[in-house]
Amino acid sequence: MVAASGDHSVALGTEGRVWTWGKGKFGQLGHNNGEGRLVPMQLAGEALGGAAAVLVASGYGHTVAVTREGELWVWGFGDCGQLGLGDRANRLAPTLVGAEEGFGELQVLTVACGCWHTLAVTKDGALWTF
């Protein structure tokens with residue numbers, strides 16, 4: 001699986017590992033810095049809590065991944081609240097959505113990104129937008 005925005009791309013590799021490349025100004029590559037990459041680079045092994053991803057998506061400056069366990073991880077540009085973390089801060093590395101709240105207990109089935117927003121559907125059929 002691959003996803004692309006205007007300035008960066010993300011791919012899901014074997015074993016559920018996530019690879020990113022392109023512009024990294026907002027942290028959308030998830031390598032804990034704002035550097036760009038000309039070639040695909042795998043996220044660190046501890047990214048996504050060490051879990052394997054099953055789905056990836058990307059928006060203008062943000063990237064998301066869903067794990068086998070249904071966790072939603074987000075990183076990159078957050079100025080419009082599109083990371084779903086309750087603030088407008090950018091994240092340089094993958095961050096779990098809803099770790100301390102009810103959302104963290106809901107299993108995410110699918111996710112999509114627009115330019116400035118994110119959509120997630122949970123196992124109970126709820127549509128979350130941020």
Nearest-0.5 Å distance, [atom1] of residue [X] to [atom2] of residue [Y]:
| X | Y | atom1 | atom2 | answer |
| --- | --- | --- | --- | --- |
| Gln107 | Thr122 | CD | OG1 | 9.5 Å |
| His62 | Cys113 | NE2 | SG | 3.5 Å |
| Leu29 | Trp21 | CG | CH2 | 10.0 Å |
| Leu72 | Leu48 | CG | CG | 10.0 Å |
| Leu109 | Leu55 | CG | CG | 10.0 Å |
| Trp73 | Thr95 | CH2 | OG1 | 7.5 Å |

Any sub-3.5 Å donor-acceptor pair from [X]'s side-chain atoms to [Y]'s backbone N or O?
| X | Y | result |
| --- | --- | --- |
| Ser58 | Thr63 | no |
| Gln28 | Lys23 | yes |
| Arg91 | Ala89 | yes |

- request: Name all residues meeting the side-chain hydrogen bond (donor to acceptor under 3.5 Å, both in side chains) criterion together with Ser5; count only those two or more places apart in sequence or in a different chain, and write none if there are none.
  value: His8
- request: Specify the closest pair of heavy atoms between Ala3 and Ala57, including all atoms of both residues, with the distance to one decimal.
  value: CB-CA, 3.9 Å
- line: Heavy atoms of Ala52 and Glu15 approach each other most closely as CB-O, 3.6 Å
task: Could you pull out all residues at least two apart from Trp116 that satisfy ring pair (Phe, Tyr, Trp, His ring centres under 6.0 Å)?
output: Tyr60, Phe77
field: Exceeds 12 heavy-atom contacts within 6.0 angstrom, atom CG of Leu38
entry: no
Side chain to side chain donor-acceptor pair (under 3.5 Å) between Thr129 and His117, intermediate numbers included: CA-CA 7 Å; Thr129 63; His117 66 287; over 6 Å; no
- request: Say whether Leu43 and Leu96 are linked into one hydrophobic cluster, either directly or through other cluster members, by side-chain heavy-atom distances under 4.5 angstrom.
  value: yes
message: What I'd like to find out is whether the side chain of Leu127 reaches to under 4.5 Å of the side chain of Leu119, using heavy atoms alone.
response: yes
task: With sequence neighbours left out, write down each residue that passes salt bridge (charged side-chain N to carboxylate O under 4.0 Å, His left out) with Glu69, or none if nothing qualifies.
output: none
